[in-house]
Amino acid sequence: MMKAFLTQLTHAILINVVLCSYSHASFEQGMEYVQQARWYDAEQEFRPEAEAGNAHAIYWLGRSLEFQDFQKGLTAGEWFYKSAELGNPWMMAR
């Protein structure tokens, strides 16, 4: 059981490494906004990538929603769950 989990986790990490090498300008811009705590701007950059299925953008979209306000923060969990389903190892661990 543990070996199967580790194998799945390894595959998820490898997939994410491949996906990370294919970075998009909007994702990079979103990360710059995250570093500046400009959560609304980050949301605008991450949303198209998240809707296209980028697991990392989905995670960061959730984080940017979480930090904006309570109402938007309520939807962050849905994005975190989607990120985990797509193999984001950080979200799988949470």
Side-chain angles (χ1 to χ4, degrees):
M1 177 114 182
M2 184 64 156
K3 185 176 180 180
F5 172 74
L6 291 175
T7 301
Q8 288 177 340
L9 183 60
T10 302
H11 287 131
I13 291 170
L14 289 174
I15 290 169
N16 280 310
V17 167
V18 170
L19 290 175
C20 284
S21 65
Y22 180 69
S23 63
H24 300 285
S26 62
F27 181 80
E28 292 172 6
Q29 182 63 50
M31 290 306 295
E32 287 183 29
Y33 289 143
V34 165
Q35 292 171 352
Q36 299 166 12
R38 293 173 54 187
W39 303 112
Y40 176 79
D41 295 327
E43 174 192 356
Q44 302 309 307
E45 297 298 326
F46 292 134
R47 187 169 295 279
E49 294 292 319
E51 290 172 350
N54 180 329
H56 293 293
I58 292 171
Y59 168 76
W60 284 105
L61 174 61
R63 293 293 289 182
S64 64
L65 292 170
E66 187 176 44
F67 286 112
Q68 285 183 55
D69 61 45
F70 179 77
Q71 194 65 30
K72 284 188 174 183
L74 293 175
T75 65
E78 296 171 22
W79 290 102
F80 291 148
Y81 187 78
K82 288 178 186 178
S83 182
E85 284 182 322
L86 289 173
N88 185 323
W90 296 279
M91 291 315 304
M92 292 170 69
R94 284 181 87 188

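None of the values given here were measured: they were computed from a predicted structure.
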task: Using a strict 4.0 Å threshold on nitrogen-to-oxygen distance, state whether E66 and K72 make a salt bridge.
output: no
- line: Value for OH (Y33) from OG (S64), rounded to nearest 0.5 Å, stands at 12.5 Å
query: Between K82 and E85, does at least one N-O distance fall below 4.0 Å, as a salt bridge requires?
result: no
- prompt: Can you name the nearest heavy-atom pair linking A50 to A57, along with the distance?
  reply: N-CB, 3.7 Å
Derivation of the side chain to side chain contact (heavy atoms under 4.5 Å, CB included) call for Y59 and W79: CA-CA 6 Å; Y59 168 76; W79 290 102; over 6 Å; no
Worked check of side chain to side chain contact (heavy atoms under 4.5 Å, CB included) between N88 and I58: CA-CA 9 Å; N88 185 323; I58 292 171; over 6 Å; no
Heavy-atom neighbours of Q36 CD exceed 12 at 6.0 Å: yes
message: I need the minimum non-hydrogen distance between Q71 and D69, along with the two atoms involved.
response: N-OD1, 3.1 Å
message: If I take atom OH from residue Y40 and atom CG from residue L65, how far apart are they, to the nearest 0.5 angstrom?
response: 11.5 Å
- prompt: Can you find a side-chain donor-acceptor pair between S26 and E45 that sits under 3.5 Å?
  reply: no
task: To the nearest 0.5 Å, tell me how far L61 CG sits from T75 OG1.
output: 7.5 Å
message: If you compare all heavy atoms of A42 against all heavy atoms of G30, which two are closest, and at what distance to 0.1 Å?
response: CB-O, 3.8 Å
message: Please report the interatomic distance CG(N54) to CH2(W60), rounded to the nearest 0.5 Å.
response: 13.0 Å
- prompt: Angle class for the W39/F67 ring planes (parallel below 30°, perpendicular above 60°, tilted otherwise)?
  reply: parallel
field: Spacing of M31 atom CE and H56 atom NE2 [to the nearest 0.5 Å]
entry: 10.0 Å
